[in-house]
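What you are looking at is a predicted structure, and each value in this text was computed from that prediction instead of being measured.
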Amino acid sequence: MTVYGRNAYPDVLADKHSRIRAPHVRPLNDLADKIADAEGIPHGHVPYVDPDLGGIKARALVLLDNPSTKAEAARNGGSGLISPDNNDATARNCREAYASHGIDWHSVVNWNVCPFPTGRENGASLASERDRGTRWTREFIAQCPDLEIVLCLGRAAEDGWRRAAIHRPDLYVFPEGVPHCSQRGLAPKAARHRFDVAIGQLAAMLRR
């Protein structure tokens, strides 16, 4: 079996789940349970924020579309976490980019504009689902007082962010056009270059 991320290992995953109520991620993971209640699905089926990320203390939000099959706890092999450590190529691309540019995980947090499972395996969310996600994007942002930067990866994330209509003068939002970090999104050389440049810029901003 090909292993892309540390969340494939039961001991690593168990340790992370033992820390999902740590103070820096508890408000966000309580929000995940609130979303699950609103969607009528069990707690844990809206993936929790990985406690190795910055949580509410993060300075940068990296916003994606919807949970991958490897993030969904309801699926066999799913971690139940939004995490660069997930066992899929998308998470690996994110994790390797963070490492390549020296981004400390404690300075960032990952989230989805459509935080609940869509039912389509690794497919884009629908506009109606992103509409449904806007209230949760707003609540997520409200829980992160130290946030300075928002980086949307892919068109769906950009669309979800626009729909949320968050206007905070203290937030720098990257210009549109940064691709999603899936294998498909980064397949063209130009797309991978744009992604790498954006992560490099994010790293430089976090060093200031």
#### Entry: Basic-acidic side-chain contact under 4.0 Å: Asp146, Lys57
no
### Task
Under the side chain to side chain contact (heavy atoms under 4.5 Å, CB included) rule, what do Trp136 and Glu139 come out as? Steps first, then yes or no, please.
CA-CA 5 Å; Trp136 309 124; Glu139 289 199 30; 3.8 Å; yes
### Separation of Asp65 CG from Glu158 CD (nearest 0.5 Å)
11.0 Å
### Query
Quick one: does Phe116's side chain get under 4.5 Å of His45's, heavy atoms only?
no
### Query
Side-chain contact, heavy-atom cut-off 4.5 Å: Phe140 with Ile35?
no
### Query
Given Thr90 and His180, is the side chain to side chain contact (heavy atoms under 4.5 Å, CB included) satisfied, shown in steps?
CA-CA 8 Å; Thr90 295; His180 191 278; 3.6 Å; yes
### Query
Using 4.0 Å as the upper bound for N to carboxylate O, is an ion pair formed by Arg163 and Asp159?
yes
### Query
Below 4.5 Å, heavy atoms only, C-beta onward: do Gln201 and Met205 meet side chain to side chain?
yes
### Query
Is there a donor in the side chain of Ser107 and an acceptor in the side chain of Arg59, or the other way round, less than 3.5 Å apart?
no
#### Entry: Sub-4.5 Å side-chain heavy-atom contact between Leu53 and His24
no
#### Entry: Carboxylate-amine/guanidinium contact Asp52 Arg19, below 4.0 Å
yes
#### Entry: Note: Arg155-Glu176 ion pair, threshold 4.0 Å (strictly below)
no
### Query
Does any donor atom in the side chain of Asn7 or Asn87 lie under 3.5 Å from an acceptor atom in the other side chain?
no
### Heavy-atom pair with the smallest gap, counting every atom of Ala156 and Arg130
O-CD, 3.3 Å
### Message
Using side-chain heavy atoms (C-beta onward) and a distance below 4.5 Å, is Ser83 in contact with Asn110?
### Response
no
### Task
Locate the shortest heavy-atom distance separating Ser79 from Asn86; write the atom from each residue and the value.
OG-OD1, 2.6 Å
### Query
Any side-chain donor-acceptor pair under 3.5 Å between Asn93 and Gln183?
yes
### Message
Within the 4.5 Å heavy-atom criterion, are Val150 and Tyr172 side-chain neighbours or not?
### Response
no
### Query
Is it true that a side-chain atom of His101 and a backbone atom of Leu202 form a donor plus acceptor pair closer than 3.5 Å?
no
### Query
Does the pair Arg6 and Leu13 meet the rule for a side chain to side chain contact (heavy atoms under 4.5 Å, CB included), with working shown?
CA-CA 8 Å; Arg6 295 171 64 243; Leu13 196 57; over 6 Å; no
### Message
Minimum heavy-atom separation for Leu61 and Leu147, please, with both atom names.
### Response
N-CD1, 3.6 Å
### side-chain contact (heavy atoms from CB on, under 4.5 Å), paired with Pro51, selected from Val25, Leu28, Asp15
Val25
### Task
Could you check Asn66, Asp131, Leu64 and say which one makes a side-chain contact (heavy atoms from CB on, under 4.5 Å) with Cys114?
Asn66
#### Entry: Donor-acceptor pair, side chain of Arg207 and main chain of Ile103, under 3.5 angstrom
no
#### Entry: Distance-only polar pair, side chains of Asp33 and Tyr48, donor-acceptor under 3.5 Å
yes
### Query
Taking all non-hydrogen atoms of both residues, which atom of Trp111 and which atom of Pro47 are closest, and how far apart?
CZ3-O, 4.3 Å
### Summary
For Ala191 and Pro179, the nearest pair of non-hydrogen atoms, with its separation, is O-CG, 3.2 Å
#### Entry: Closest contact, heavy atoms only, Pro145 versus Ile56
CD-O, 3.7 Å
### Task
Please round to the nearest 0.5 Å and tell me the distance separating atom OG1 of Thr137 and atom CG of Asn112.
9.0 Å
### Query
Can you tell if the side chain of Val108 reaches within under 4.5 Å of the side chain of Leu206, non-hydrogen atoms only?
yes
### Atom pair CG/CD1 of Leu63 and Ile141 - distance to nearest 0.5 Å
7.5 Å
### Query
Side-chain contact, heavy-atom cut-off 4.5 Å: His17 with Leu81?
yes
### Task
State plainly whether one hydrophobic cluster holds both Val197 and Leu151, where clusters connect Ile, Leu, Val, Met, Phe, Trp and Tyr through side-chain heavy atoms under 4.5 angstrom apart.
no
### Query
Please walk me through it: do His43 and Asp37 pass side chain to side chain contact (heavy atoms under 4.5 Å, CB included)?
CA-CA 7 Å; His43 288 187; Asp37 290 340; 2.8 Å; yes
